[in-house]
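Take a look at the structure below.
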Amino acid sequence: MLPRKFYNRDTVIVARNILGKRIIRKIRGIVITGIITETEAYRHTDDPASHAFVKQTERNKAMFDEVGHAYVYFMYGMHYCFNVVARHPKSKAGAVLIRAIEPEKGIKKIQKNRGTASLKNLTNGPAKLTQALEITKECYGADLTKDSKLYIEEGIKPKKIYESPRIGIKKASDKLWNFKINIKKI
DNA sequence: GTGCAGATCCCCT
DNA sequence: GGGGATCTGCACG
């Protein structure tokens, strides 16, 4: 799996470099894996859109804690989103939102969790992939650098990375901190 | 295919 | 007591 130091770099760098990596989720003996295809970077004092921008609170404290852990939060009354804590050593907070993955193993389980047989609509959104992988606040703070029920390892090498403004937020839309790759031909 | 309403919880002010 | 890093279904055309 990816070492701690992978996450000990600028959040935007990690958001780009984590594309193509493989996320592994184990649920009661069932293994689900997928390739990370879309991410967003959320930093600290220079990023008004970040949860960490105002100050440290009970909800966002994981963003200030050790890198390589999970930051999971609940929103809109029904959805979870999954982030990986990552930041430059000089920064106090930061996280990379995992917005989409390309499923590899455990597709049956994913379809069951998502309640659909569709293949295209399984994990192509931040709340969809947490539902597909059964990521809830139980996973808050989980260490992603250890072999456990949830971690990240090496994957494929992306060719072209596409940059855009981050999705669904109003602030700091000038920052092109949404990154994605196209891996339809693996 | 686009657009909008509704779901409905938790943390912060 | 407000609003949010979203998704789905249904309406319309």
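Naming: A, B, ... by sequence-line order, numbering from 1 per chain. Both backbone and side-chain heavy atoms feed into the values below; hydrogens, waters and symmetry mates do not.
- Remark: nothing in residues 117-127 of chain A comes within less than 4.0 Å of DNA chain B through any heavy atom.
- Contact annotation: A/Lys170 does not reach the phosphate of C/dA5 (side-chain N/O to OP1 or OP2, under 4.0 Å).
- Taking the six-membered ring where the residue is Trp, the centroids of A/His51 and A/Tyr73 are separated by under 6.0 Å.
- Nucleotide C/dG4 holds its P atom 16 Å from the CZ atom of A/Phe53, rounded to whole Å.
- Backbone-only engagement by A/Lys55 is indicated by non-hydrogen atom pairs under 4.0 Å involving sugar-phosphate atoms exclusively.
- Residues A/Tyr71 and A/Arg59 are in side-chain contact: their nearest non-hydrogen atoms beyond the backbone lie under 4.5 Å apart.
- If you take CD1 of A/Ile169 and P of C/dA5, they are 8 Å apart, rounded to a whole angstrom.
- In this structure, A/Tyr71 atom OH and C/dG4 atom C1' are separated by 11 Å, rounded to whole Å.
- Between the side-chain ring of A/Tyr73 and the base of C/dA5, no stacking contact exists by the 5.5 Å and 30° definition.
- For DNA chain B, the residues of residues 56-66 of chain A within the heavy-atom distance limit of 4.0 Å (strictly under) are A/Thr57, A/Glu58, A/Arg59, sorted by number.
- Using a 4.5 Å heavy-atom cutoff, the side chains of A/Ile23 and A/Tyr151 are not in contact.
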Practice problem: Toss me the dot-bracket line for DNA chain C: Watson-Crick and G-U wobble, both under 3.5 Å, 5' to 3', using | for pairs to another strand and [ ] for crossers. | Solution: ||||.|||||||.
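- In this structure, A/Arg114 does not reach the C/dC7 phosphate: none of its side-chain N or O atoms is under 4.0 Å from OP1 or OP2.
- Rounding to whole angstrom units, CD of residue A/Gln131 and C1' of C/dT6 are separated by 11 Å.
- A distance of 9.0 Å separates SG of A/Cys139 from CG of A/Leu133, quoted to the nearest 0.5 Å.
- For A/Tyr76 against B/dA7, no side-chain N or O and base N or O form a donor-acceptor pair under 3.5 Å.
- The residue among A/Met78 and A/Lys137 whose nearest nucleotide of DNA chain B is located toward the 5' end is A/Met78.
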Exercise. Could you check A/Glu163 against A/Arg16 for salt bridge (charged side-chain N to carboxylate O under 4.0 Å, His left out), going step by step and ending with a plain yes or no?
Key: CA-CA 9 Å; A/Glu163 302 179 349; A/Arg16 296 183 69 107; 2.3 Å; yes
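- Atom-to-atom, CG of A/Leu129 to C1' of C/dC7 comes out at 13 Å; the value is rounded to the nearest Å.
- In this structure, A/Glu153 does not pair ionically with A/Lys21, as no charged nitrogen and carboxylate oxygen lie closer than 4.0 Å.
- Between the CD1 atom of A/Ile98 and the C1' atom of C/dT6 there is a distance of 17 Å, rounded to whole Å.
- Between A/Glu134 and the options A/Lys149, A/Arg114, A/Lys109, a salt bridge (Lys or Arg N to Asp or Glu O under 4.0 Å) holds for only A/Lys109.
- The CZ-C1' distance, from A/Arg166 to C/dT6, rounds to 17 Å in whole Å.
- Atom NZ in A/Lys128 sits about 9 Å away from atom C1' in C/dT6, given to the nearest Å.
- Taking the charged nitrogens against the carboxylate oxygens, A/Glu40 and A/Arg99 do have a contact shorter than 4.0 Å, which makes a salt bridge.
- Figure legend: A/Arg4 and A/Tyr7 shown without cation-pi pairing, the cationic atom not lying both under 6.0 angstrom from the six-membered ring centre and within 45 degrees of its axis.
- Under the side-chain hydrogen bond (donor to acceptor under 3.5 Å, both in side chains) test applied with A/Asp10, the options A/Arg43, A/His88, A/Arg87 reduce to a single match, A/Arg43.
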Exercise. Applying salt bridge (charged side-chain N to carboxylate O under 4.0 Å, His left out), run through A/Arg22 and A/Glu154 and close with a yes or a no.
Key: CA-CA 6 Å; A/Arg22 178 175 292 107; A/Glu154 272 303 335; over 6 Å; no
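- Proximity of the aromatic rings of A/Phe64 and A/His44 is defined here by a centroid distance below 6.0 angstrom, and this criterion is met.
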